[in-house]
J.: 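Before I ask anything, let me first share the structure, which is written out below as structure tokens.
Reckoned from all heavy atoms, side chains included, excluding hydrogens, waters and symmetry mates.
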Amino acid sequence: MATTNATAPKGGAPKGFTGIKSGFAVIIACAVVAVCIYLFGFGHVSNFKGGDSAGIMFAIQAGPEVTLKPDGLVGTVYEGGFVVPIIWTLFFSVLALSIERFFAIRTAYGKGTLAKFVADIKAALTTGDLNKAQAICDKQRGSVANVVGATLKKYREMEANTVLTKEQKILAIQKELEEATALEMPMMQENLPIIGTIVTLGTLTGLFGTVLGMIKSFSAMSAGDGGADSSALATGISEALVNTASGIATGALAVISYNYYTNKIDRLTFSLDEVGFSIVQTFSATH
């Protein structure tokens, strides 16, 4: 699912890892993992009181009205019900997509630091050494280097052009910068909308599970001859609290991840604007 460009992009070097194109496939894979962990891990009989062979046989003989009670936190989490694997699916999806975005945006940044790359490009432009600027781009690689490389190529073309006016040449360089940036930005922002959606969806799903748990608790309180079914009451409260905690954890991870990578992309975009402005100003001052 990761894409690797066999040919160089417009004005740049091969990009390498550019991310996972199908976020839906990641969600499906995470759903399978979440359900398996919930059923076969947290739902294993060893996590419940009477989970030995004698206890299991007793539960079977007693009928469906007798259930095993949780023996510790793992069994309590299992009591959270079907909403738990749904929230886990969202949590694992955020985790997987955050890791995917880390490698994709690191590729976009290139091999060196952006601050040093921008400073080196500006220094090369100040001396008018376009060959050195292109060599810096080839060494840096990444999205910023690709955009700068494409703009430098157009810079050379405009230098050799004897038909267009100076203003037309500057506009052509600016247009090349904008087009190259537009080609790189989708790769950097891919799958971030999914993480942004889970910021709200994770919290709402946790709230939905909380409501279901509280409904079970109130139902248990009203059952029987004026007394509460303590087992059902405990199950309802466990479901409510487990889903609340899971929803909060999922929402927190999603918002941290989304804001972190959005900030990284903003810094990269700022660097593109800074270098692009320097290229245009250099052409304007020297021609």
Side-chain angles (χ1 to χ4, degrees), residues 2-19 21 100-190 192 259-287:
T3 59
T4 303
N5 293 348
T7 58
K10 188 176 182 180
K15 289 198 227 177
F17 181 78
T18 58
K21 300 303 178 184
E100 178 266 347
R101 282 295 86 196
F102 172 80
F103 288 106
I105 293 179
R106 188 176 70 171
T107 299
Y109 265 64
K111 293 185 176 181
T113 62
L114 278 185
K116 185 177 186 305
F117 172 74
V118 172
D120 291 344
I121 289 292
K122 292 174 71 174
L125 292 173
T126 301
T127 60
D129 192 347
L130 295 182
N131 290 329
K132 181 179 179 182
Q134 186 60 58
I136 294 172
C137 291
D138 294 339
K139 180 180 179 181
Q140 176 75 10
R141 306 178 72 176
S143 294
V144 176
N146 291 336
V147 172
V148 174
T151 309
L152 290 174
K153 182 179 179 181
K154 179 60 69 173
Y155 188 110
R156 294 177 185 274
E157 292 177 2
M158 292 300 100
E159 279 188 324
N161 191 297
T162 58
V163 178
L164 299 178
T165 64
K166 178 179 178 180
E167 289 73 18
Q168 290 174 324
K169 292 178 180 180
I170 292 176
L171 288 176
I173 295 174
Q174 290 176 333
K175 182 179 180 182
E176 181 67 21
L177 174 65
E178 293 172 358
E179 290 179 351
T181 302
L183 289 174
E184 296 291 338
M185 288 305 295
M187 181 275 292
M188 291 182 282
Q189 295 177 337
E190 197 165 26
L192 276 183
N259 289 335
Y260 175 77
Y261 290 118
T262 299
N263 180 63
K264 296 277 284 186
I265 293 173
D266 288 343
R267 289 174 55 191
L268 191 148
T269 304
F270 176 77
S271 297
L272 283 175
D273 293 339
E274 185 178 0
V275 175
F277 179 77
S278 297
I279 294 174
V280 173
Q281 287 299 105
T282 299
F283 187 91
S284 178
T286 57
H287 294 78

J.: Which is it for Leu130 and Glu159 under the side-chain contact (heavy atoms from CB on, under 4.5 Å) test, yes or no, and what are the steps along the way?
T.: CA-CA 11 Å; Leu130 295 182; Glu159 279 188 324; 3.7 Å; yes

J.: Could you tell me which non-hydrogen atom of Thr151 sits nearest to which non-hydrogen atom of Val147, and how far apart they are?
T.: OG1-O, 2.8 Å

J.: Please test Ile121 against Cys137 for side-chain contact (heavy atoms from CB on, under 4.5 Å), starting from the C-alpha separation and ending with a verdict.
T.: CA-CA 8 Å; Ile121 289 292; Cys137 291; 3.9 Å; yes

J.: List the steps, then state whether side-chain contact (heavy atoms from CB on, under 4.5 Å) holds for Leu171 with Lys175.
T.: CA-CA 6 Å; Leu171 288 176; Lys175 182 179 180 182; over 6 Å; no

J.: Roughly how far, to the nearest 0.5 Å, is CG of Leu177 from CG of Leu152?
T.: 10.0 Å

J.: Can you tell me how far the CD atom of Gln189 sits from the CZ atom of Arg101, to the nearest 0.5 Å?
T.: 9.5 Å

J.: What I'd like to find out is whether the side chain of Gln281 reaches to under 4.5 Å of the side chain of Leu125, using heavy atoms alone.
T.: no

J.: Under a 3.5 Å distance rule, please check whether Lys166 uses its side chain to pair with a backbone N or O of Ser284 as donor and acceptor.
T.: yes

J.: If you measure from NZ on Lys154 to CZ on Phe283, what distance do you get to the nearest 0.5 Å?
T.: 11.0 Å

J.: Taking it one step at a time, do Glu274 and Lys122 satisfy salt bridge (charged side-chain N to carboxylate O under 4.0 Å, His left out)?
T.: CA-CA 9 Å; Glu274 185 178 0; Lys122 292 174 71 174; 3.2 Å; yes

J.: List the atom of Ser143, the atom of Met187, and the distance in Å for their closest heavy-atom pair.
T.: OG-CE, 3.3 Å

J.: Answer whether the closest heavy-atom distance between the side chains of Ser278 and Thr126 falls below 4.5 Å.
T.: no

J.: For side-chain contact (heavy atoms from CB on, under 4.5 Å), just list the numbers for Ile265 and Leu192, CA-CA rounded to whole Å, side-chain angles, deciding distance to a tenth of an Å, and then say yes or no.
T.: CA-CA 11 Å; Ile265 293 173; Leu192 276 183; 3.4 Å; yes

J.: Is it the case that more than 12 heavy atoms not belonging to Arg156 sit under 6.0 Å from its CZ atom?
T.: yes

J.: Are the side chain of Lys169 and the backbone of Met158 linked by a donor-acceptor contact shorter than 3.5 Å?
T.: yes

J.: Please check if any side-chain donor atom of Asp138 sits under 3.5 Å from a side-chain acceptor atom of Gln134, or the reverse.
T.: yes

J.: Between Gln140 (side chain only) and Tyr109 (backbone N and O only), is there a donor and an acceptor less than 3.5 Å apart?
T.: yes

